[in-house]
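Just so it is clear, the model here is predicted, and its values are computed rather than measured.
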Amino acid sequence: MDTDAQLPERDRSPEPEGVKEQGSRSSRFPPASPRSRPAAAWRWLTGGGPLRRAGLLLTVCLVSLLLVSNYLVQPFLVPSGSMRGTLEVGDRVLVDKLAYRFGDAPRRGDVVVFDGRESFVQDAPSENVVTALIRRGASAVGLMQPAPTSYVKRVVGVGGDRVRCCDRRGLLEVNGHPVLEDYLYPGDAPSQVPFDIVVPEGKLWVMGDHRSDSRDSRDHLGEPGGGTVPVDRVIGRVDWIGWPLDRMTSLRQTGAFADVPDPGREAGHGGIPHG
């Protein structure tokens, strides 16, 4: 039996003239060669006229500046007079963010910028997301004041030190050794508020150079942390004044703590430990 005869006859009519079979999208637009992509990107970047090139250059400069600011050296606008005698209101200082990254720790006499949360600031103020981003970008290049939780002070005591004020001559003592603070603002006493503390390990006791106009570790003695700042909250060390031009200089290192002994038995008795 011829079964093929029972099947419908296949349409064998020719294709209409002028109608071509559509190819696939990939066949009409072959993929770009990997070697051609960098060349095409370069043509796009260098083409488009001077406006595009200027915008590209500005973008590269801003990205580079932000990377340097985030990881190497950050400008910091001094917002208050607490460090007068060393830093003035409106100074743009350059903060070395690598100073303590490779095993080194803050030393007595260093001027540091730190995040005061959980030490000077217990409840950080809320800030609009957009405002925070604008502030972060502008403060990263020294155009705006830093976050309200950032502070600049001088390290007076490190972990284990007994810091006391004042002795019979009215001088600050660290580990029983009187310190002649040559960096103090003229006319200021080392402290009008008496205190005697032992700095916990991993913490710092910090004070402003303009003692009569500085809210520092002394003002937070009764708060959690006892006024001491965790070392891991230190953003970096202030090494230079970068602006204004007439004040551009490296920060002078003090020798006031050169003869202070390491913490010993005397540092562990008589003071009030805070942690």
query: Are Lys153 and Met207 close enough that some pair of their side-chain heavy atoms sits under 4.5 Å apart?
result: no
query: Any ion pair linking Asp196 and Arg162 (charged N to carboxylate O, less than 4.0 Å)?
result: yes
- prompt: Can you name the one residue among Val174, Val158, Asp161, Ile197 that meets side-chain contact (heavy atoms from CB on, under 4.5 Å) with Trp205?
  reply: Ile197
- request: Test Glu181 against Arg211 for salt bridge (charged side-chain N to carboxylate O under 4.0 Å, His left out), laying out the working first.
  value: CA-CA 11 Å; Glu181 299 181 275; Arg211 296 286 160 81; 2.7 Å; yes
- request: State, to 0.1 Å, how close Leu87 and Arg247 come at their nearest heavy-atom pair, and which atoms those are.
  value: CA-NH2, 4.0 Å
- prompt: Which atoms form the tightest heavy-atom contact between Pro79 and Val89, and what is the distance?
  reply: O-CG1, 4.1 Å
Chi angles and distances behind the side chain to side chain contact (heavy atoms under 4.5 Å, CB included) call for Val111, Met83: CA-CA 9 Å; Val111 177; Met83 287 294 294; 4.0 Å; yes
message: For the backbone of Ala105 and the side chain of Arg107, can you confirm whether one donor and one acceptor N or O come within less than 3.5 Å of each other?
response: no
- prompt: Is it the case that His210 and Asp188 place a side-chain donor and acceptor less than 3.5 Å from each other?
  reply: yes
- prompt: Can a donor-acceptor pair be found between the side chains of Ser119 and Lys203 at a distance below 3.5 Å?
  reply: no
message: Measuring from atom CG of Asp232 to atom CZ of Phe114, what distance do you get when rounded to the nearest 0.5 angstrom?
response: 13.0 Å
statement: Heavy-atom closest pair (Cys165 atom, Leu172 atom, distance to 0.1 Å) is CB-CD1, 4.0 Å
query: Do Thr86 and Asp209 have side-chain N/O donor and acceptor atoms under 3.5 Å apart?
result: yes
task: Could you pull out the closest heavy-atom pair between His220 and Asp216, with the gap in Å?
output: CD2-O, 3.1 Å
message: Check whether Asp91 reaches the backbone of Val93 with its side chain - one donor and one acceptor, N or O, closer than 3.5 Å.
response: no
Stepwise side chain to side chain contact (heavy atoms under 4.5 Å, CB included) check, Arg108 with Asn175: CA-CA 12 Å; Arg108 307 179 197 101; Asn175 298 335; 3.7 Å; yes
task: Give, for atom CD of Glu201 and atom OG1 of Thr228, the distance between the pair rounded to the nearest 0.5 Å.
output: 11.5 Å
Closest heavy-atom pair and its distance - Ser214, Asp219: O-OD2, 3.5 Å
Spatial distance of atom CG (Asp239) from atom OG1 (Thr249) [nearest 0.5 Å]: 11.5 Å
- prompt: With a 4.0 Å cut-off, would you call Arg252 and Asp182 a salt bridge?
  reply: yes
message: Does the plane of the ring in Tyr151 sit parallel, tilted or perpendicular to the ring in Phe120? Use 30° and 60° as the thresholds.
response: perpendicular
query: What distance separates Ser212 OG from Gln192 CD, expressed to the nearest 0.5 Å?
result: 8.0 Å
query: Do Val238 and Leu94 pass the side chain to side chain contact (heavy atoms under 4.5 Å, CB included) test, and can you show the C-alpha distance, the side-chain angles, and the key distance before you say yes or no?
result: CA-CA 6 Å; Val238 178; Leu94 301 180; over 6 Å; no
message: Between Trp243 and Leu77, is there shared hydrophobic-cluster membership here, with clusters defined by ILVMFWY side-chain heavy atoms closer than 4.5 Å?
response: no
- request: Measure from the side-chain N and O atoms of Asp96 to the backbone N and O of Leu98, and report whether any donor-acceptor pair falls under 3.5 Å.
  value: yes
- prompt: Checking side chain to side chain contact (heavy atoms under 4.5 Å, CB included) for the pair Ile235/Lys97: CA distance, chi angles, key distance, verdict?
  reply: CA-CA 6 Å; Ile235 296 170; Lys97 303 184 83 168; 3.9 Å; yes
same_hphob_cluster(Val231, Tyr100) at 4.5 Å side-chain heavy-atom cutoff: yes
- request: Grab the two heavy atoms, one from Gly157 and one from Val163, that are nearest each other, plus how far apart they are.
  value: CA-CG2, 4.0 Å
- request: State, with a plain yes or no, whether a side-chain heavy atom of Val234 is found less than 4.5 Å away from one of Leu204.
  value: yes
- prompt: Should Tyr185 and Leu251 be counted in the same cluster of Ile, Leu, Val, Met, Phe, Trp and Tyr side chains packed under 4.5 Å apart?
  reply: no
message: Side-chain heavy atoms nearer than 4.5 Å, only ILVMFWY residues, links allowed to pass through others: does that put Val121 and Val112 together?
response: yes
- prompt: Which residues satisfy the side chain to side chain donor-acceptor pair (under 3.5 Å) test with Glu118, sequence neighbours excluded?
  reply: Arg233
Shared hydrophobic cluster, Val260 / Phe195 (ILVMFWY, side-chain heavy atoms < 4.5 Å): yes
- prompt: Hey, does the Lys NZ or Arg CZ of Arg154 hover above the aromatic six-ring of Tyr183, less than 6.0 Å from the centre and inside 45° of the axis?
  reply: yes
